[in-house]
Asker: 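Below are the structure tokens for one structure; questions will follow.
Only heavy atoms go into these numbers, but all of them, side chains included; no hydrogens, no water, no symmetry mates.
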Amino acid sequence: MVKNVKISPLQLGIFMIAFLLGDAVIVSPAKGAHQDSWLAILFAWIASYFLIGAYVYISTLYPNKTLIEMLREAFGKIVGTIIGIIYIWYFIHLAALIYRSFGEYMVAVNYTETPRIFISFVLMLVSVYALKSGLEVMGRTGEISFAVVPLTVIFISSMLIKFIDVKRLQPVLEYGIGPVLKTSFAVLTFPFGEAIAFMMIFPFLNDQRKILRTSFISVTIAGFLLFSITLRNMLILGPDMVSRSLFPSHIVATLLPGAVLDPFLSLAFLALGGFQSLICAYAAILGITQICHLDDYKPLVFPVMIIIVSLSNWLYKDLSSMLRVAKEIYPFYAIPFQFIIPFILLLVSIIKKRKSKESSLSE
Amino acid sequence: MFKKLSRLYRFFMLKRENEHQQNDRENEEKRENISKSLKDIKLKLRANFVDGSDFVMREIAVGERSEIKMIIAYIDGLANKQVISGDILQPLLIESKSTHVEQWFHRKDIIDVLRENLLLSCELNEVRDFKDTIDGILYGDTIIYIDGQEAALKVCSKGWASRAIDEPDTEMVIKGPREGFVESLRTNTSLLRRKIRNPKLKFEMMQIGKQTKTDVCICYLKGIANDDIIETVRRRIKKMNIDGILAVGYIEQFIEDAPFSLFATVGNSEKPDKVAAKILEGRVAIICDGTPIVLTVPYLLIEGFQSSEDYYTRTYYATFNRILRFVALAIAGLLPAFYVALVSFHSDVIPFELLLSILSSREQVPFSPFIEAMFMGVVFELLKEAGIRMPKAVGQAVNIVGALVIGDAAVKAGLVSPIMLIVVALTGISTYIVPPFSDTLPILRLIMVTVANVLGFLGIFIVLVALYIHVNSIRSFGVPYMAPLAPLTGMDLKDTFVRIPLWMMLTRPRALTWENTDHTKYRMKKTFIKKED
């Protein structure tokens, strides 16, 4: 029943773009590289083609299978299930992180007197509705509404051209290449590496041959938008201001001459984050469904979303600890989920494939 | 929650259906023959139409020596008396005597003689079931019972008073046909047939309503309309289980896909040109006797923005109007909520000078913007409702009072601020630019104002997203409700935000005919090449 759902390449692409931009737009992930953060994004963007290409390659080795099913097939039932449960935790955690960062953002920027948990809860209600409506409806919802995001970026950037000062990027590589590479690794884990959640979504694409093309196009668009946003923030604010501000994109938006538009921009960002958290939650819920061999995922939606929202409330003490974790701890926390396990999975499945080929040849 | 409710509702529907079907089967199996003796028939008719003062039964005797007795039965007011006297009584009583009918009787059956040689009426049927004759009488036909025969003749003599075709009040056009549907089904089908002269235009008749037996007609272009959609319409109409259908709205509520949705999934129109255009696009029309409104399915959200006049005016103006309607929908649905959110949450968004004037105008008003908006919204709805229901003679008085209440007096009394007045006036006007949404918008506005008061723009945004998910999740007869937009169909965008020139519209809407694309021919031929001689 779950598997009858199909989405089109366009819908998948929009999912990916929204997912990759997500909370990376508000929490600038490349702060550590100072004025070279655009270089860090650029490197991570290039590297992400290999990383996401690897994910897609694994998916093509197991056609029409989700990550959980792949793990089970590659590692056997018990080990595969255990790793699958770890991944479900990761997806839930990821969704909670997104909820937290958007809650913090809304509270810090627009709703200073509203409790954060209330905003998260309201967001959760909509997410539950979307999840219960199913992946197809989510895809259709994204289709037209995401023209808004690139338009907003272009609009804001073009309104702010007069503030741009190229000197803010200089000196290039002041601290050497080291911090840049370190930051670009952080950017690779957040947001690009998080695309591992899409290994749960790929089997729903109606044209399986187009996975690679779709994901590369969306990585290109999302990478470009992220790159241009970071570059714009740096050109307008300068390294000092960027590293001191909590949400650089918001500060940039408040510079818009003549009108105060930041409530609307917050909502546009929120839509992105909403999609990102939806994908993570969908991946987690689908994973649970498959591990428990259930027919329908809908009864799980509410409990899982409640867990996500509560978890988002427990994760950090406050906003500054959230930003510190995102910068210093998260990249290392993500290594096993985004690199090690997929790498082992890739190796195992290639070896298995060779073996089965050899055995079929010898027969 | 709605799903559970609808499941519960479906359960009861099914239960009821099963019970009724058994009853129906018992009723249907009784078939009565027409008895040979006129006396029996007379008694039976009297029994059937006891206390029916409009029922007329006339006994005549035909032949030179008045040897053949007959009964003519009809209902006064439904049957056309001129047809009865001129086409039935005159030949039977006068001409039969002068033309030596009895000579023919030797050769043929009397019914054949009547049918072939005597009666002038253009539509004649032989009926063998007594129930059919009763039905015929009730439909306005005239039945001739003949002594000694097991069959009766049904003469089509339908002719009741009906309204003349005139311009409908609800859908005014400037450039375009002025005629509108009327209450009589036959006239309506003729209006459609006159627009589409094509034998493929099918009218499928059925009778719905256990007591009223109302004529309902499904109308489509065979080969263009999707067969699945036609079948769905047929099935849903046949499944209707109701005593009476007094207006087409009854059918709408039975066949719609999302009965608990704020948005209509069945369209309606009063204009034959509009319905004909929809049929040509591959939609199915449902005509019901007694209502001058025709339903069209599938109905998509985008149709709410399309007006028949868009296609009669030139491209630029039509496109401009389209965009205007989108803006109008946004204003009508969101403006009061927007105002409430702005004043109570996001006053920093308002330009400073405007903020000053808003604050100074709100100085004497003791209420919060939310109370103000709710108050004005309710007053507006009250006036609107009164304007529809009141007799025309007192209209003037109510208008003046309404204008004063909403206008000057409320502001002077310190009940509302002038800005709120502008907001409500704009909202009210905009509602009527998008008439298909006029029953959605008042409810939507209330919800929006409430959430705007709770969460500001975030609340509006949340509800909008939820609504958007909702409209994406519903379908109308299998077609996604947001069709050309949400499963994005490139070519179908020609008729959404812009209305490209008609000669550039080469294909039919894919959303409706997606299975039929193979034998979809161009609706209009390409006429790029100029031929002016």
Asker: Of the backbone (N, CA, C, O) and the side chain (C-beta and beyond), which part of A/Ser8 lies under 4.5 Å from a heavy atom of chain B, both, or neither?
Answerer: neither
Asker: Please list, in residue-number order, every residue in residues 9-19 of chain A that has a heavy atom less than 4.5 Å from any heavy atom of chain B; write 'none' if there are none.
Answerer: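 Contacts with chain B: A/Leu10, A/Gln11.
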Asker: Which residues in residues 345-354 of chain B have a heavy atom less than 4.5 Å from any heavy atom of chain A?
Answerer: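 Answer by number: B/Phe345, B/His346, B/Asp348, B/Val349.
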Asker: Identify whether the distance between the nearest side-chain nitrogen and carboxylate oxygen of B/Glu303 and B/Arg283 falls below 4.0 Å.
Answerer: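 Salt bridge flag = yes for B/Arg283 with B/Glu303.
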Asker: In terms of heavy-atom pairs under 4.5 Å, which option from A/Thr141, A/Val122, A/Leu270 contacts chain B the most?
Answerer: A/Thr141
Asker: To the nearest 0.5 angstrom, please state how far the OH atom of A/Tyr282 sits from the CG atom of A/Leu135.
Answerer: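 Between atom OH of A/Tyr282 and atom CG of A/Leu135 there are 4.5 Å.
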Asker: Can a donor-acceptor pair be found, under 3.5 Å and without considering hydrogens, that links the side chain of A/Arg100 to the backbone of A/Tyr316?
Answerer: yes
Asker: Against chain A, work out which of B/Leu458, B/Leu485, B/Val465 has the most heavy-atom pairs shorter than 4.5 Å and name it.
Answerer: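 So the answer, after comparing B/Leu458, B/Leu485, B/Val465, is B/Leu458.
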Asker: Can you tell if the side chain of B/Thr496 reaches within under 4.5 Å of the side chain of B/Gln306, non-hydrogen atoms only?
Answerer: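 B/Thr496 does not reach B/Gln306 side chain to side chain.
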Asker: Between CD1 of B/Ile500 and NZ of B/Lys494, what distance do you get to the nearest 0.5 Å?
Answerer: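 Nearest 0.5 Å value for the CD1-NZ distance: 7.0 Å.
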Asker: Does the pair B/Arg236/B/Asp257 count as a salt bridge with the N-to-O cut at 4.0 Å?
Answerer: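 Yes.
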Asker: If you count heavy-atom pairs under 4.5 Å between each of A/Phe264, A/Phe118, A/Tyr111 and chain B, which one has the most?
Answerer: A/Tyr111
Asker: Going by an N to O cut-off under 4.0 Å, is there a salt bridge joining A/Lys298 and A/Asp296?
Answerer: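 Salt bridge: no.
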Asker: B/Ile443 versus B/Leu262: any side-chain heavy-atom pair under 4.5 Å?
Answerer: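 In short, these two side chains touch, coming nearer than 4.5 Å.
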Asker: Between atom CG of A/Leu21 and atom CD1 of A/Ile229, what is the distance when rounded to the nearest 0.5 Å?
Answerer: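 The CG atom of A/Leu21 sits 6.0 Å away from the CD1 atom of A/Ile229.
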Asker: B/Arg445 side chain to B/Ala332 main-chain N or O, any donor-acceptor pair under 3.5 Å?
Answerer: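 Yes; judged by distance alone, with no hydrogens or angles, the pair exists.
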Asker: Students often mix this up, so state it plainly: with edges at 30° and 60°, are the rings of B/Phe497 and B/Phe326 parallel, tilted or perpendicular?
Answerer: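 Correct class here is tilted.
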Asker: Flag the pair A/Glu104 and A/Arg116 as a salt bridge only when some basic side-chain nitrogen lies within less than 4.0 angstrom of an acidic carboxylate oxygen.
Answerer: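 Looking at A/Arg116 together with A/Glu104, the answer is yes, because their closest N to O distance falls below 4.0 Å.
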Asker: Using heavy-atom distances under 4.5 Å, tell me whether A/Leu123 contacts chain B through its side chain, its backbone, both, or neither.
Answerer: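 For A/Leu123, backbone and side chain are both near chain B.
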Asker: Which bit of A/Met138 comes within less than 4.5 Å of chain B, counting heavy atoms only: side chain, backbone, both or neither?
Answerer: neither
